[in-house]
Amino acid sequence: MSNKGLLAVLSGFAGSGKGTIMKKLLEKYPEDYALSVSATTRHPRPGEEEGREYFFKTEEEFKEMICSGELLEYAGYVGHHYGTPRAYVEDQLSLGKNVILEIEIQGALQIKEKFPDTLLMFVTPPSAVELMNRLKGRGTETEEEIIARLSRAVEEADGCEAYDYLIINDDIDESVANVHRIIESEQLRMRRCLPEIEAIKNDLRTFLKEEEK
Ligand code: 5GP
């Protein structure tokens with residue numbers, strides 16, 4: 001297999017469970033994936049740690065990151081900025097790791113434009129009612145934030161045809177298995193395996209020459 005990692009994006013509505021899918025995927029397959037930690041201007045939620053969930057930045061610091069070209073993509077989401085640090089992603093890909101970005105749709109589309117080979121997956125709960133219940137149930141947002149995130153979900157639903165796969169997150173373990181399967185299959189696409197085919201072709205030519213001697 002080619003030793004260049006695959007760049008994959010997981011997006012989804014707030015409350016879709018994409019964060020949990022990511023966490024479980026990394027727990028289950030720690031050797032296969034590298035998770036990019038984003039920078040954000042939003043405040044940490046209880047239990048979140050600097051450098052683990054996010055690099056928490058001031059608006060000023062975030063602007064500096066944009067100006068110095070440190071971000072691969074960035075976007076605004078419900079009053080705050082979020083962006084993907086470039087260096088980590090590039091380093092991990094060149095080490096042959098599959099890198100997963102858990103980012104919203106605007107950022108995903110920027111990534112796809114820069115790297116057309118990126119695999120885009122979109123996570124949704126099985127229904128709108130379920131989404132509403134999950135958002136309210138997790139208790140990490142105010143009523144106002146919940147409304148803002150729901151209205152953003154309506155916008156995002158319009159853009160999700162640009163994605164390659166839909167993950168309907170009814171059962172978390174099944175969703176984790178689906179994401180892993182999709183990535184594994186994606187790695188076997190013919191266009192990603194051309195170096196392997198080339199190597200076989202070269203070996204075959206060598207054997208043929210030896211046989212003909
Ligand atoms: P939250 O505040 O719930 O952690 O994240 C809000 C949204 O921002 C989620 O949809 C999440 O996927 C997205 N997000 C997180 N990091 C990034 C990033 O680096 N870039 C972009 N474009 N979106 C991000």
Side-chain angles (χ1 to χ4, degrees), residues 7-26 33-59 61-66 68-90 92-93 99-115 118-125 131-132 134-160 162-163 165-167 169 175 179:
L7 184 57
V9 166
L10 198 67
S11 300
F13 302 133
S16 62
K18 61 186 187 302
T20 316
I21 295 177
M22 290 290 295
K23 203 167 150 262
K24 290 215 162 189
L25 187 73
L26 290 155
Y33 299 109
L35 168 69
S36 158
V37 178
S38 297
T40 183
T41 59
R42 85 149 162 74
H43 295 299
R45 294 187 188 130
E48 287 185 336
E49 271 178 31
E50 167 69 15
R52 191 180 64 189
E53 279 78 14
Y54 284 106
F55 297 108
F56 296 97
K57 303 287 175 191
T58 61
E59 281 292 343
E61 288 167 336
F62 196 89
K63 274 189 197 131
E64 274 171 28
M65 292 180 88
I66 297 174
S68 59
E70 280 174 68
L71 298 177
L72 212 48
E73 61 72 38
Y74 61 92
Y77 181 94
V78 190
H80 299 289
H81 286 106
Y82 296 80
T84 306
R86 175 189 301 276
Y88 178 82
V89 173
E90 291 181 346
Q92 294 297 313
L93 285 176
V99 178
I100 310 200
L101 312 177
E102 189 213 312
I103 64 178
E104 55 66 67
I105 195 161
Q106 292 171 11
L109 299 179
Q110 290 173 45
I111 294 280
K112 184 81 181 176
E113 206 169 308
K114 283 188 191 155
F115 308 100
T118 306
L119 171 70
L120 301 184
M121 293 169 284
F122 196 89
V123 185
T124 173
L131 188 148
M132 189 74 178
R134 286 191 199 172
L135 251 186
K136 288 192 169 166
R138 67 184 188 183
T140 47
E141 284 93 8
T142 61
E143 188 68 26
E144 207 176 301
E145 281 167 338
I146 289 175
I147 291 169
R149 280 169 183 247
L150 277 176
S151 88
R152 180 61 179 247
V154 175
E155 278 171 40
E156 295 205 324
D158 279 336
C160 61
Y163 282 68
Y165 289 93
L166 179 67
I167 312 288
N169 185 23
S175 297
V179 169

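Note that ligands are numbered from 1 as they come in the structure, with each ligand's atoms numbered from 1 the same way. The structure presented is a predicted model; accordingly, all values stated were derived computationally and were not measured.
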Numbered atoms and elements of ligand 1 in range of [X], under 4.0 angstrom, heavy atoms:
{"X": "Thr84", "answer": "19 (O)"}
{"X": "Ala75", "answer": "22 (N)"}
{"X": "Gly107", "answer": "22 (N)"}
{"X": "Ser38", "answer": "16 (N), 17 (C), 18 (C), 19 (O)"}
{"X": "Arg42", "answer": "1 (P), 2 (O), 4 (O)"}

Do Thr142 and Glu145 come within less than 4.5 Å of each other through their side chains, counting heavy atoms only?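 Contact flag for Thr142/Glu145 side chains = yes.
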How close does the nearest protein non-hydrogen atom get to [atom], and which residue and atom is it?
{"atom": "atom 15 (C) of ligand 1", "answer": "Tyr54 OH, 3.2 Å"}
{"atom": "atom 22 (N) of ligand 1", "answer": "Glu104 OE2, 2.6 Å"}
{"atom": "atom 11 (C) of ligand 1", "answer": "Glu102 O, 4.0 Å"}
{"atom": "atom 20 (N) of ligand 1", "answer": "Glu73 OE2, 2.7 Å"}

So, is Gly83 polar-close to ligand 1, with some N/O to N/O distance under 3.5 Å?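 Indeed, backbone or side chain, Gly83 has an N or O that close.
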Geometric N/O contact Arg45 with ligand 1, under 3.5 angstrom: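 Yes - when backbone and side-chain N and O of Arg45 are compared with those of ligand 1, one distance drops under 3.5 Å.
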Kindly say whether [Y] contributes a backbone atom to a donor-acceptor pair with the side chain of [X] at under 3.5 angstrom?
{"X": "Gln92", "Y": "Val89", "value": "no"}
{"X": "Gln110", "Y": "Tyr74", "value": "yes"}
{"X": "Lys112", "Y": "Thr118", "value": "yes"}
{"X": "Asn169", "Y": "Thr124", "value": "no"}
{"X": "Arg149", "Y": "Val78", "value": "no"}

Residue portion contacting ligand 1 (non-hydrogen atoms closer than 4.0 Å) for Glu53: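 No part of Glu53 comes within reach of ligand 1.
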Report the part of Lys18 in contact with ligand 1, treating N, CA, C, O as backbone and CB onward as side chain, heavy atoms under 4.0 Å; options are side chain, backbone, both, neither.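 The answer is the side chain of Lys18.
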Would you call His80 a ligand 1 contact, heavy-atom distance under 4.0 Å?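 Judged by the 4.0 Å heavy-atom criterion, His80 does not count as contacting ligand 1.
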For ligand 1, is Arg149 a contact, meaning one of its heavy atoms is under 4.0 Å away?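 Right, Arg149 reaches ligand 1.
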Looking at non-hydrogen atoms alone, which of Tyr77, Tyr74, Tyr82 comes nearest to atom 2 (O) of ligand 1?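 Looking at heavy atoms only, Tyr82 sits closest to atom 2 (O) of ligand 1.
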Give me the ring orientation class for His81 and Phe62: parallel if the planes are under 30° apart, tilted from 30 to 60°, perpendicular past 60°.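 Aromatic pair His81/Phe62 classed parallel.
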Between Ser11 and Tyr163, does any side-chain donor sit less than 3.5 Å from a side-chain acceptor?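 The criterion, which ignores hydrogens and geometry beyond distance, is satisfied for Tyr163 and Ser11.
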Non-hydrogen atoms of Met65 and Ala39 that approach each other most closely: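 For Met65 versus Ala39, the nearest heavy atoms are SD-CB, 4.0 Å.
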Inspect the contact between Arg152 and Glu156 and indicate whether a charged nitrogen and a carboxylate oxygen are less than 4.0 angstrom apart.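 Arg152 and Glu156: salt-bridged.
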